[in-house]
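Since we're looking at a predicted model, the values are computed, not measured.
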Amino acid sequence: MFKKAEWPRKLRSQEWYGGTSRDVIYHRGWMKNQGHPHDLFDGRPVIGILNTWSDMTPCNGHLRELAEKVKAGVWEAGGFPMEVPVFSASENTFRPTAMMYRNLAALAVEEAIRGQPMDGCVLMVGCDKTTPSLIMGAASVDLPSIVVTGGPMLNGYFRGERVGSGTHLWKFSEMVKAGEMTQAEFLEAEASMSRSSGTCNTMGTASTMASMAEALGMALSGNAAIPGVDSRRKVMAQLTGRRIVQMVKDDLKPSDIMTKQAFENAIRTNAAIGGSTNAVIHLLAMAGRVGIDLTLDDWDRCGRDVPTIVNLMPSGKYLMEEFFYAGGLPVVLKRLGEAGLLHKDALTVSGETMWDEVKDVVNWNEDVILPAEKALTQSGGIVVLRGNLAPKGAVLKPSAASPHLLTHRGRAVVFEDIDDYKAKINDDNLDIDETCVMVMKNCGPKGYPGMAEVGNMGLPPKVLKKGITDMVRISDARMSGTAYGTVVLHTSPEAAVGGPLAVIKNGDMIELDVPNRRLHVDISDEEMARRLAEWKPQHDLPTSGYAWLHQQHVQGADTGADLDFLKGCRGNAVGKDSH
């Protein structure tokens with residue numbers, strides 16, 4: 001049981017600001033050039049507002065305005081707020097992929113906290129990688145920290161149809177390739193896809209990770225679903241600013257909240273909401289930062305029998321705006337608790353248990369948050385597959401897959417990398433039909449590099465023109481949380497390090513058996529061994545910069561793709577004075 005620290009006591013920031021020594025006057029005196037009165041340095045909690053705002057991170061473009069509300073809350077509670085810009089890994093902008101920079105952002109955030117006079121932190125996040133990177137960095141230092149997200153954008157509409165960000169991008173793109181939509185209509189639809197500030201309005205990775213933060217207990221109850229432009233988002237930011245001050249006084253830290261039970265709650269929540277497969281890799285990395293032994297087996301064990309009850313794209317038909325109006329994530333957590341699938345006594349940043357936070361909420365729309373008997377799928381979650389093609393595991397999201405393809409055997413059509421795929425996929429002479437299994441290599445953490453969201457390979461036009469919209473696809477890449485299809489992802493070990501995926505050949509027969517959690521290529525053990533022995537790396541390696549550091553130290557997808565020297569590095573929160 002969490003025991004509150006004594007208050008008042010000397011806080012960490014007083015190592016910089018308390019007293020009359022030359023070094024203290026150096027730190028404090030320079031801060032006064034911004035017009036801060038002397039009595040603000042009297043030992044009250046100094047709150048770092050870590051802001052991932054950037055003009056090049058459109059999902060987080062409104063966070064500067066939101067930060068002002070956080071500051072107001074901190075001032076009201078007797079704290080001293082200081083806004084700090086931190087690395088913002090934009091999903092929409094960064095190449096080769098924002099995932100390559102998640103660990104760099106986490107490292108930068110960790111050192112921003114450790115090296116500066118903060119007693120607690122508000123983590124201002126939104127876009128996909130900003131949420132895990134800031135939680136990872138804060139967890140490594142283990143100062144009191146709380147998440148506030150920017151919230152999803154409003155619903156999009158095109159010719160009377162709801163338009164889900166990302167989801168309809170993939171859908172409309174395939175319609176153009178199939179001859180069902182003109183390029184001009186596609187451009188017209190573009191204007192309806194992002195009509196307000198905020199993150200993706202589907203249950204993509206941004207909304208999923210906002211839900212994961214809340215399910216872990218790292219955000220105030222109800223935070224995940226409030227639209228970015230709703231006035232209640234500003235209220236949530238202000239309440240978060242108030243709460244972090246008391247968390248510092250109580251010394252309530254990420255390690256008190258992010259327990260094994262909290263991660264199990266998050267895994268089950270991900271199943272219930274039909275969350276992104278990206279949550280797997282991010283929660284594994286976040287758990288590593290607090291020293292929690294979380295594995296792919298935990299994902300399969302905890303999520304296997306959880307029904308998907310949130311009727312949102314890409315698995316369902318609604319968007320985040322309706323999810324908020326229906327009651328949001330607290331309703332889902334209550335449903336899990338009623339079904340015996342929630343650790344009710346898990347602690348949250350509010351200081352209350354998870355169950356105390358959600359037990360009295362009401363579901364205002366049972367077509368959005370479904371009864372269990374009407375679930376989109378009775379066994380949701382993330383399926384973990386193993387076999388001679390994926391000895392360390394691969395994942396699949398059944399709520400976004402086609403039921404008739406969950407047991408399938410087909411001929412492999414192999415693409416050596418994303419460039420090979422792009423060069424061949426539109427060729428009518430490509431030897432492929434809807435019974436085949438599309439296989440793409442060299443798109444994992446080391447291979448892309450960075451593990452891009454290219455796993456949901458678009459189907460060849462000659463298949464789309466038959467009216468076929470799904471095929472089995474296998475890769476070591478990731479998939480956008482906004483995407484759909486029978487897609488096997490995160491295949492480990494990845495091809496770039498000589499995993500079995502690297503030696504799959506055109507014509508090999510591949511078996512996908514989701515009910516039995518099996519992914520198998522029909523070749524003998526001897527043939528597999530021979531191919532692996534003959535394998536040689538196919539790509540040039542980076543020789544300098546962060547790309548080199550990433551290539552040398554990134555781990556496999558099965559353990560979270562964190563840098564190997566950062567796992568379990570929690571603590572040492574007080575920086576050394578160099579003056």
Side chain to side chain contact (heavy atoms under 4.5 Å, CB included) between Met236 and Arg232, intermediate numbers included: CA-CA 6 Å; Met236 177 61 71; Arg232 286 163 287 190; over 6 Å; no

Where do Asp417 and His539 land on the side-chain hydrogen bond (donor to acceptor under 3.5 Å, both in side chains) test, with the steps shown first? CA-CA 10 Å; Asp417 54 27; His539 295 84; 3.1 Å; yes

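- With contacts defined as side-chain heavy-atom distances shorter than 4.5 Å, the pair Phe41/Trp16 does not qualify.
- Between the side chain of Asp119 and the backbone N or O of Ser13 there is at least one donor-acceptor pair closer than 3.5 Å.
- More than 12 heavy atoms of other residues, nucleotides or ligands lie within 6.0 Å of NZ in Lys32, so this atom counts as buried by the packing criterion.
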Is there a side chain to side chain contact (heavy atoms under 4.5 Å, CB included) between Glu453 and Glu91 once you walk through the steps? CA-CA 10 Å; Glu453 290 183 338; Glu91 199 68 30; 3.3 Å; yes

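- Side-chain contact between Pro117 and Arg12 is absent, with no heavy atoms from C-beta onward closer than 4.5 Å.
- Minimum interatomic distance between Leu347 and Asp256 (heavy atoms only, all atoms of both residues): CD2-O, 4.0 Å.
- Under the 30°/60° scheme for interplanar angles, the aromatic rings of Phe87 and Tyr101 are found to lie parallel.
- A 4.5 Å side-chain heavy-atom check between His343 and Thr259 finds every atom pair outside the cut-off.
- Within a 6.0 Å sphere centred on CD of Glu76, heavy atoms belonging to other residues, nucleotides or ligands number more than 12.
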Verdict with reasoning, Asp345 to Thr353, per side-chain hydrogen bond (donor to acceptor under 3.5 Å, both in side chains): CA-CA 5 Å; Asp345 58 352; Thr353 68; over 6 Å; no

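- The CG atom of Leu333 sits 4.5 Å away from atom OG1 of Thr269, with the distance rounded to the nearest 0.5 Å.
- Within 6.0 Å of atom NZ in Lys71, more than 12 heavy atoms from other residues, nucleotides or ligands are found, so the atom counts as buried in its surroundings.
- Taking a cutoff of 4.0 Å between a charged side-chain nitrogen and a carboxylate oxygen, Glu65 and Lys234 qualify as a salt bridge.
- Between Lys129 and Thr57, every side-chain heavy-atom pair lies at or beyond the 4.5 Å cut-off.
- Side-chain contact between Leu11 and Pro45 is present, with at least one heavy-atom pair separated by less than 4.5 Å.
- A donor-acceptor contact shorter than 3.5 Å links the side chain of Ser207 to the backbone of Cys200.
- Here the side chains of His282 and Met212 are not in contact, with every heavy-atom distance at 4.5 Å or above.
- The environment of NZ in Lys392 is sparse: at most 12 heavy-atom neighbours from other residues, nucleotides or ligands sit within 6.0 Å.
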Passes side-chain hydrogen bond (donor to acceptor under 3.5 Å, both in side chains), Glu214 versus Asn223? Steps please. CA-CA 7 Å; Glu214 187 173 333; Asn223 170 77; 5.1 Å; no

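- Across all non-hydrogen atoms, the minimal contact from Thr482 to Ser165 is CG2-O, 3.3 Å.
- Two residues are said to be in side-chain contact when any heavy atoms from C-beta on lie closer than 4.5 Å; Leu107 and Tyr546 fail this criterion.
- Annotation for Arg9: atom CZ counts as buried by contact number, over 12 foreign heavy atoms lying within 6.0 Å.
- With a 4.5 Å cut-off on side-chain heavy atoms, Cys121 and Ile244 do not count as touching.
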